[in-house]
Number of protein chains: 2
Amino acid sequence: MHRHEGHDACRSDAPDMLARAEALCRERGLQFTPLRRDVLEAVAESDKAQGAYDIAERLSAPGKRVAPVSVYRALDFLMEQGLVHRIASRNAFIPCAHGHAPGEGVIFLICRSCGAVDETSSADVEGGLERTLERAGFTPTHSILEVEGDCGACRERERTP
Amino acid sequence: MHRHEGHDACRSDAPDMLARAEALCRERGLQFTPLRRDVLEAVAESDKAQGAYDIAERLSAPGKRVAPVSVYRALDFLMEQGLVHRIASRNAFIPCAHGHAPGEGVIFLICRSCGAVDETSSADVEGGLERTLERAGFTPTHSILEVEGDCGACRERERTP
DNA sequence: GCGGGTTTGTTACAGTGTATCACCGCCAGA
DNA sequence: TCTGGCGGTGATACACTGTAACAAACCCGC
C-alpha cells in the first residue's frame with residue numbers, strides 16, 4: 001500500500017495520474033480543464049507537499065501569470081474528486097497515490113528531512129479508531145492522521161553518508 | 001478519558017489548569033510569567049479551539065494591547081510544556097485536558113456544530129499505528145490525529161429541538 | 001442567437017505566522 | 001557595585017495562507 005513499491009515509481013506516476021484524472025472526470029461528467037490539468041501535473045511532479053503559492057509560481061511564466069486563487073479553486077476541485085490531498089500540518093498538497101474507497105482512512109507519512117510524503121492505510125488503525133469514536137459517542141465525518149518523522153530512505157542515507 | 005465526565009467540568013477546569021501549570025513550571029525551573037498565565041487562562045476558558053488572534057484580542061484592553069506575536073510566543077512555550085495543543089485542521093489552540101505521557105498519542109474530536117474539541121486516546125489505535133509505521137520503515141517523531149464530526153451532545157440536541 | 005450554468009481572471013482583503021531589533025529585568029561573576 | 005549575558009516582552013514589518021466579490025469568457029442545450 002505504499003507509493004514507493006518499484007522505488008522511484010513516483011515521477012513516472014505523473015502521466016498516469018493525468019490519464020486517470022481525465023478518465024475519471026469524463027466518467028463523472030466533469031470538466032478536466034487545462035488549468036486543472038496543469039495544477040494536477042504540478043502537484044504530481046513532486047512527492048513533496050507543495051504550497052498553493054509554490055504551484056502558482058511554478059505555473060506562471062513571463063506574460064502568463066497564474067494567480068493563487070485560481071490554484072486554490074483547482075485544488076478544491078481536485079480534492080473533491082479525490083485526486084489530491086491536503087496536508088493540514090503543512091498547509092500543502094500532494095497527489096493522491098491511488099483511488100481510495102470513499103471515506104477510507106488514509107495515513108500520511110511526512111519525512112522531516114527529505115520532505116517526501118508517503119501515503120498508507122491500515123484497517124487495524126481504522127478499526128481501533130472506529131471503536132474509540134463509538135465509545136465516545138462521536139459521529140465522524142472526516143478525519144486526518146499525519147505522522148512526521150524519518151522515512152526509511154533518509155535513515156539509510158544518514159547511516160552511510 | 002474524556003474531558004466531560006462530570007459534564008460541564010470544563011469551565012471549572014481553568015483554575016485547576018493554572019495551578020497545575022504553575023507547579024509544573026516551578027518544578028522544571030521555568031518562568032510562569034503573567035503573559036503566559038493570561039494566555040493559558042484565555043485558552044482554558046473555552047472548550048472551543050481559539051485562534052491566536054482571538055486570544056490576542058481578548059487579552060487586549062483599551063490602553064493595553066497584546067500583540068499576536070506575544071501570544072504566539074506564549075503558545076509555543078505552553079505547547080512545549082504540554083499545557084496546550086494545536087489543532088492543525090483549524091489553526092487553533094485548546095488547553096490540554098490532562099498530563100499525557102510524553103509521546104502518547106492523542107485523538108482530537110472536533111464537533112462541527114458546537115465547535116467543542118474533546119480529547120481522548122486509544123491504546124488500540126496507537127498500537128495499530130505503531131505496527132503500520134514499523135511495516136513502512138518509518139520512524140515517527142510526532143503524529144496528529146484529528147476527527148471532525150458531531151459530538152453526542154449535539155446529536156442529542158438535534159433530535160429534540 | 002439566447003439564457004443559464006460553470007470556469008477563469010482580477011482585485012482586494014482577511015487570517016495566520018515569523019523575522020528582527022530594541023528594551024527591560026534579573027542574576028552570576030569579576 | 002558594575003557589567004555582561006540571558007530570557008522574556010514590545011513593536012514594527014513582513015511573508016505566507018486563504019477567501020470574497022465581481023466581471024469576463026466559455027460551453028452547451030434550446
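Naming convention: chains lettered A, B, ... in sequence-line order (proteins, then strands); numbering from 1 in each chain.
- For the pair A:Arg86 and D:dG18, the criterion of a side-chain N or O lying under 4.0 Å from OP1 or OP2 is met.
- Partners of A:Asp76 by salt bridge (Lys or Arg N to Asp or Glu O under 4.0 Å), not counting sequence neighbours: none found.
- For the salt bridge (Lys or Arg N to Asp or Glu O under 4.0 Å) test, no residue two or more places apart in sequence or in another chain qualifies with B:Arg86.
- Note: B:Ser113 OG to B:Arg155 CZ = 10.0 Å, rounded to the nearest 0.5 Å.
- For A:Phe138, the ring-ring contact (aromatic ring centres under 6.0 Å, His included) test picks out no residue, with sequence neighbours left out.
- Summary of the strand contacts: B:Phe77 and A:Ala92 both lie near DNA chain D, and taking for each the nucleotide with the nearest heavy atom, the more 5' one is attributed to B:Phe77.
- Every residue two or more places apart in sequence or in another chain that forms a salt bridge (Lys or Arg N to Asp or Glu O under 4.0 Å) with B:Arg112 is listed here: B:Asp150.
- The ring of B:Phe108 has its center closer than 6.0 angstrom to the ring center of B:His85.
- Side-chain contact annotation: B:Glu146 with B:Ser89, donor-acceptor N/O pair under 3.5 Å present.
- For A:Arg131, the salt bridge (Lys or Arg N to Asp or Glu O under 4.0 Å) partners two or more places apart in sequence, or in a different chain, are B:Asp124.
- Heavy-atom contacts of chain A under 4.0 Å fall on DNA chain C between two terminal nucleotides, which in 5' to 3' order are C:dT6 to C:dT11.
- An end-to-end axis angle of 20° holds for the helix from C:dG1-D:dC30 to C:dA30-D:dT1, taken from five base pairs per end and rounded to 10°.
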Enumerate the protein-to-nucleotides 24-30 of chain D contacts in which both atoms are nitrogen or oxygen and the separation is below 3.5 Å.
none

Result block: side-chain N/O donor-acceptor pairs under 3.5 angstrom for residues 59-71 of chain A, not counting sequence neighbours:
| residue | atom | partner | partner atom | Å |
| --- | --- | --- | --- | --- |
| A:Ser60 | OG | A:Ala56 | O | 2.8 |
| A:Ser60 | OG | A:Val66 | N | 2.9 |
| A:Ser60 | OG | A:Val66 | O | 3.4 |

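- Under 4.0 angstrom from either OP1 or OP2 of D:dG18 there lies at least one side-chain N or O belonging to A:Asn91.
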Side-chain donor-acceptor contacts of residues 32-42 of chain B below 3.5 Å, not counting sequence neighbours, with atom names and distances?
| residue | atom | partner | partner atom | Å |
| --- | --- | --- | --- | --- |
| B:Thr33 | OG1 | B:Arg36 | N | 3.3 |
| B:Arg36 | NH1 | B:Gln31 | O | 2.8 |
| B:Arg37 | NH2 | B:Glu41 | OE1 | 3.1 |

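- The residue among B:Leu30 and A:Phe93 whose nearest nucleotide of DNA chain D is located toward the 5' end is B:Leu30.
- Residues passing the side chain to side chain donor-acceptor pair (under 3.5 Å) test with B:Gln81, sequence neighbours excluded: B:Arg28.
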Can you tabulate the close N/O pairs, meaning under 3.5 Å, that link protein atoms to atoms of nucleotides 9-12 of chain D?
| residue | atom | partner | partner atom | Å |
| --- | --- | --- | --- | --- |
| D:dT9 | OP1 | B:Thr33 | OG1 | 2.5 |
| D:dG10 | OP2 | B:Ser70 | OG | 3.3 |
| D:dG10 | N7 | B:Arg73 | NH2 | 2.7 |
| D:dG10 | O6 | B:Arg73 | NH1 | 3.4 |

